2 protein chains.
Amino acid sequence: MMSYDELDSRKMMILKAVIDDYITSKEPVGSRTIAKKYDMGLSSATIRNEMADLEEMGYLSQPHTSAGRIPSDKGYRLYVDKLMNPLVTDLKPSEEDIIEICGYMQDKIHELNQMVKAASEIVSRLTHYTAIGMANNEIKHSVKALQIIPVDLRKVLVVVVLDNDTIKNQMVKVEQTLSTEELSRLSVICSELLTGSRADNISLEMINEIVGLSGVERERVLPIVDGVLDCIKQCDSAEIYTEGTANLLEHPEFNDVSKAKTLLELFNNEAEMAKLLQGCDNAGAKGIVVKIGTENEITQVSDCSVVTATYSLNGVNLGTIGVIGPTRMDYNKVISALEYVRRRMLPE
Amino acid sequence: MMSYDELDSRKMMILKAVIDDYITSKEPVGSRTIAKKYDMGLSSATIRNEMADLEEMGYLSQPHTSAGRIPSDKGYRLYVDKLMNPLVTDLKPSEEDIIEICGYMQDKIHELNQMVKAASEIVSRLTHYTAIGMANNEIKHSVKALQIIPVDLRKVLVVVVLDNDTIKNQMVKVEQTLSTEELSRLSVICSELLTGSRADNISLEMINEIVGLSGVERERVLPIVDGVLDCIKQCDSAEIYTEGTANLLEHPEFNDVSKAKTLLELFNNEAEMAKLLQGCDNAGAKGIVVKIGTENEITQVSDCSVVTATYSLNGVNLGTIGVIGPTRMDYNKVISALEYVRRRMLPE
DNA sequence: TGTTAGCACTCAAGATAAACGAGTGCTAAC
DNA sequence: GTTAGCACTCGTTTATCTTGAGTGCTAACA
C-alpha cells in the first residue's frame with residue numbers, strides 16, 4: 001500500500017475538486033473553474049500552481065498545453081481510496097426501476113444464475129454502465145443432486161444441481177437403449193456415489209464402481225456415465241451475463257467507433273470477461289475492488305475502469321458482479337449501486 | 001405480387017449493375033462508373049438517361065443533386081426477387097471458420113437451443129452481420145419427458161423436455177418438505193399424466209387428478225404442481241440468441257453512434273427481436289424471407305434488411321435464424337450462408 | 001428515333017486561413 | 001505565500017475557396 005504523505009490537505013482538496021468536476025462535466029478542468037465553483041478562498045493563480053505540482057507528481061495530466069487538467073490513473077486511484085465522497089446509501093432508483101426490480105425479486109428466483117443475471121441488469125440500469133455478472137466457479141462446487149432422465153429411445157438427459165444452486169443439464173445420445181428400470185437404477189447409483197463430489201474429485205475407481213453396480217454391460221452404460229461426468233465438468237465453465245452493452249455508446253469516450261467495437265467484441269468473449277472478473281478476488285474490506293485503467297490486465301480496457309463486487313452468503317462465495325466504464329466513471333454511484341444490490345438481494 | 005413489366009431488360013441490367021456496385025463499393029454510383037466497369041456497349045449519357053428513368057419510377061434515388069444513385073427499398077426488392085446472381089452454393093468458409101464449426105458440430109449438440117445458438121454464431125461469422133436465432137415456439141410443443149428432482153430440504157427442481165428437444169428447468173421452493181418417496185411418486189404421476197400435453201392444454205381436472213393420485217395433502221403438493229405448470233408454460237417464451245453484435249460497427253451506415261445505439265438496444269430487447277423473426281412466417285419457396293427497409297414492422301430497423309430462414313425437419317418447424325444488416329447488405333452472401341447452415345445442420 | 005458528345009451547373013467534401021477563447025506559465029507586486 | 005497581470009499556446013470554430021464527381025440538357029449524329 002503506497003502512502004500519499006507527499007500531498008498536503010490543500011492539494012488533496014484541489015485534486016478532489018478537479019476529479020469531481022471532471023466526472024460530471026466530461027471536460028478537462030481549468031484552474032479558474034475550480035476557483036469559481038468550489039469556494040476555497042484561493043485565487044485561480046494559486047490553484048494553478050498547485051495543479052502544476054499535482055501534474056508533476058503524476059496525479060493529473062494535460063491533454064495539450066492550453067487545456068485544463070484531467071486525472072491520471074494514479075489520480076483516480078487516490079480519489080477512490082481516500083478522497084471520494086462517502087457512499088450515498090439512500091440511492092433511490094427510479095419508479096420504473098423499482099417495478100422492474102420487484103419483478104425480478106419475486107421468489108421465483110432460486111436459481112443462482114438467474115439471480116446473477118437479474119442483479120447485473122439492475123446494476124446496469126442504475127449506473128448506465130455495462131454490468132457483468134458471473135456466478136462463482138472458482139471454488140469447485142460439489143454435486144447436490146443428480147438425476148438421469150429418459151427422454152426418448154435414443155436420448156437421455158442428465159441433470160445436475162450443485163451446492164450453490166446452479167443447474168446444469170446435458171443431453172446424451174445413446175446407441176443402445178437402456179430400459180427404464182436400468183436407467184433409474186443407474187440414476188440412483190450415480191446420485192448416491194457422486195453427490196458431494198467435485199468435478200476434480202471423481203476417480204476412475206468411482207466410475208468403475210458405478211458401471212459395476214449398474215448391472216449393465218459396460219459399453220451400454222459408459223456413454224451415459226461419460227455424459228454425467230461431462231455435465232459435472234461443464235459446471236466449471238461459468239455462464240457470464242453482460243447487461244447494458246448499449247450503455248457504452250452513451251459515453252463520449254466511446255464515440256470513436258473502433259474503440260466501441262473493440263469493447264463490444266470483448267463483451268462477447270466469455271473467456272476474457274471471466275478473466276476480467278477473476279483478477280479481482282482479493283476483495284477489499286467491503287468485497288469491492290476497483291481496477292483503474294492500466295491496472296487491468298486486459299489491454300482492451302486500459303482506458304476503462306472495472307469495479308467488481310463479490311457476494312457471499314454464510315461465507316460461501318456466490319458470485320461476482322462487475323461494472324465496466326470509462327476511467328472517468330462515477331465511482332461513487334457505481335459502488336453505491338453494487339452495495340444496493342447486495343442489501344437487496346442477500347437476506348441479512 | 002407486383003409485376004415489373006414496366007422495366008425493359010436494359011433497365012433491369014442497369015439497375016442490377018447499380019445495385020451490385022453499390023453493395024460492394026458502399027458509395028453512390030454514377031453513370032460513368034457503370035459505363036466503364038460493365039461493358040454493355042452504352043455510353044455514360046445513355047445510362048444517365050436510363051438511370052433518370054429508374055429514379056422516376058422509384059427504383060433509385062439520389063442522396064443529393066450532384067451525387068450518384070443509390071437503390072431504394074423498391075429497387076432492392078426487385079433485385080432480390082429477380083435480378084440477383086444465382087446463389088453461390090460452394091460458399092467456402094475460412095479455415096478458422098471450419099475449425100470453429102466442426103467444434104460445434106460434434107454430436108454433443110442434441111439440444112435444440114444449443115444448436116440454434118451455434119448456427120447463429122456460424123451465420124454471423126460467415127456474413128459479418130448480426131445473426132439472431134430462435135428455436136421455434138410458435139407451434140406449441142408437447143411434453144416429452146418430465147421429472148421432479150429433490151435438491152435439498154426446501155427446494156425441488158422440475159425438469160421438462162419438449163418434443164423438439166428443448167429443455168426447461170425450474171427451481172421450486174417448498175415450505176413443507178415432501179419425502180423422497182412422495183416426491184418420486186409425484187414425479188411419476190406428473191410424467192404419466194402430462195406427457196404429450198401442451199401448455200395450453202392442461203385442464204384443472206388434470207391438476208386435481210394429479211393432486212388426488214399423489215396421496216399427499218393438497219397444500220403440500222400444490223406449490224410443486226404449480227411449479228411444474230410454470231415450467232411447462234415457460235417453454236412458450238423462447239430464448240433468443242443474438243450473435244455478432246459487434247459486426248454492426250463494421251459497416252459505415254452505423255458510424256452514427258446514435259443509430260448504432262438504437263440497434264444495440266433493440267438487440268437486447270428479446271420481445272422485439274422475437275417480433276422481428278416472427279413477421280416472417282409465410283416463408284417463400286426455400287423457407288427464406290427477405291424484408292427490406294420499411295417492409296419491417298419495427299421502426300428501428302427501417303433502414304435495415306432482415307433475412308430469415310426457417311428450418312424444419314420432417315415437417316416440424318424447428319426454428320428460425322435471421323440476419324440483420326444495412327439494406328445495402330450482400331443478399332447473396334447472406335442467403336447462401338443461411339442455406340449453407342441448413343445443409344450442414346440438418347441431416348438430409 | 002434512339003444514341004452520344006459536349007458543356008454548364010450543382011453540391012458535398014476537403015483544404016486553408018483567420019478569429020476566438022480557454023487555459024497556462026511566469027513575473028512582479030503585495 | 002498569495003495574487004494580479006500579461007504574453008503565449010493551441011485546439012476549436014467559422015468563413016471562404018477549391019476541387020471534382022456527377023448530373024441534366026441540348027444539339028448533332030446514325
Side-chain angles (χ1 to χ4, degrees), chain A residues 6-15 17-22 24-72 75 252-253 255-256, chain B residues 6-15 17-22 24-72 75 252-253 255-256:
Chain A
E6 49 176 347
L7 293 183
D8 58 31
S9 74
R10 193 170 74 177
K11 281 198 171 52
M12 294 241 194
M13 194 167 66
I14 291 174
L15 180 60
V18 170
I19 299 183
D20 278 338
D21 202 78
Y22 183 60
T24 56
S25 75
K26 314 182 206 305
E27 299 288 339
V29 11
S31 54
R32 198 139 172 284
T33 313
I34 300 295
K36 260 193 297 185
K37 278 214 262 189
Y38 303 79
D39 189 17
M40 39 183 84
L42 294 173
S43 76
S44 70
T46 308
I47 292 169
R48 204 142 60 231
N49 290 331
E50 297 286 38
M51 279 165 76
D53 288 353
L54 284 167
E55 175 164 9
E56 202 179 354
M57 295 186 222
Y59 293 99
L60 294 177
S61 73
Q62 258 181 315
H64 56 89
T65 332
S66 69
R69 302 306 209 291
I70 60 174
S72 66
E253 22 273 286
N255 273 355
D256 176 9
Chain B
E6 50 175 346
L7 293 182
D8 59 29
S9 74
R10 193 171 74 178
K11 281 197 171 55
M12 294 241 195
M13 196 167 66
I14 291 174
L15 180 59
V18 170
I19 299 183
D20 277 340
D21 203 79
Y22 183 60
T24 56
S25 76
K26 314 182 208 297
E27 299 287 338
V29 11
S31 53
R32 198 137 171 285
T33 313
I34 300 296
K36 260 192 299 185
K37 277 214 261 188
Y38 302 80
D39 189 17
M40 40 182 84
L42 294 173
S43 77
S44 70
T46 309
I47 291 169
R48 205 142 59 229
N49 290 330
E50 296 287 38
M51 279 166 76
D53 289 351
L54 284 166
E55 175 165 10
E56 203 179 353
M57 295 187 224
Y59 293 100
L60 295 177
S61 73
Q62 258 181 313
H64 57 89
T65 332
S66 68
R69 301 303 207 294
I70 60 174
S72 65
E253 22 273 286
N255 272 356
D256 176 10

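Predicted, not measured: the structure shown is a model, and the values here were computed from it. Here is the naming used below: chain letters follow the sequence lines, and residue numbers restart at 1 for every chain.
When the side-chain nitrogen and oxygen atoms of Ser66(B) are compared with OP1 and OP2 of dA12(C), none of them lie within a distance under 4.0 Å. OP1 or OP2 of dT24(C) lies within a sub-4.0 Å distance of a side-chain N or O belonging to Arg69(A).
Every side chain to side chain donor-acceptor pair (under 3.5 Å) that Tyr38(B) has, sequence neighbours left out, goes to Asp21(B).
Sequence order on DNA chain C of the closest nucleotides to Thr65(B) and Glu55(A) puts Thr65(B) first from the 5' end.
For Asn255(B), the CG atom is densely surrounded, since the number of other residues' heavy atoms within 6.0 Å is greater than 12.
Two end axes, each from the C1' atoms of five base pairs, can be drawn for the helix from dT1(C)-dA30(D) to dC30(C)-dG1(D); they diverge by 20°, to 10 degrees.
When atom types are taken as modelled, the side chain of Ser72(A) and the backbone of Gly58(A) share a donor-acceptor pair closer than 3.5 angstrom.
When rounded to the nearest whole Å, the span between CE of Met51(B) and P of dG24(D) equals 8 Å. Look at CG on Leu60(A): it is 11 Å from P on dG25(C), rounded to the nearest Å. Across the protein-nucleic acid pair, Glu27(A) atom CD and dG11(D) atom P stand 15 Å apart, rounded to whole Å. Atom P of nucleotide dG21(C) and atom CZ of Arg32(A) are separated by 13 Å, given to the nearest angstrom. Atom CD in Gln62(B) sits roughly 11 Å away from atom P in dG22(D) (whole-Å rounding). Remark: C1' of dT23(D) and CG of Asp53(B) are 14 Å apart, rounded to the nearest angstrom. With rounding to whole Å, Glu56(A) atom CD is found 16 Å from dT24(C) atom P.
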Step-by-step side chain to side chain contact (heavy atoms under 4.5 Å, CB included) determination, Thr33(A) to Glu27(A) = CA-CA 11 Å; Thr33(A) 313; Glu27(A) 299 288 339; over 6 Å; no
request  = Determine, stepwise, if the pair Arg10(B) / Leu42(B) fulfils side chain to side chain contact (heavy atoms under 4.5 Å, CB included).
outcome  = CA-CA 10 Å; Arg10(B) 193 171 74 178; Leu42(B) 294 173; 3.5 Å; yes
message = Set out, in order, the CA-CA distance, both residues' side-chain angles and the distance that settles side chain to side chain contact (heavy atoms under 4.5 Å, CB included) for Ile70(A) and Gln62(A), then state yes or no.
response = CA-CA 6 Å; Ile70(A) 60 174; Gln62(A) 258 181 315; over 6 Å; no
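Taking a 4.0 Å limit (strictly below) on heavy-atom distances, residues 34-50 of chain A reaches DNA chain D at Gly41(A), Leu42(A), Ser43(A), Ala45(A), Thr46(A), Arg48(A), Asn49(A).
Separating the CZ atom in Arg48(B) from the CG atom in Asp53(B) is a distance of 13.0 Å, to the nearest 0.5 Å. Atoms NZ and CE, from Lys11(A) and Met51(A) in turn, are 12.5 Å apart once rounded to the nearest 0.5 Å.
The two residues Ser44(B) and Ser31(B) make their nearest non-hydrogen contact at O-CB, 3.5 Å.
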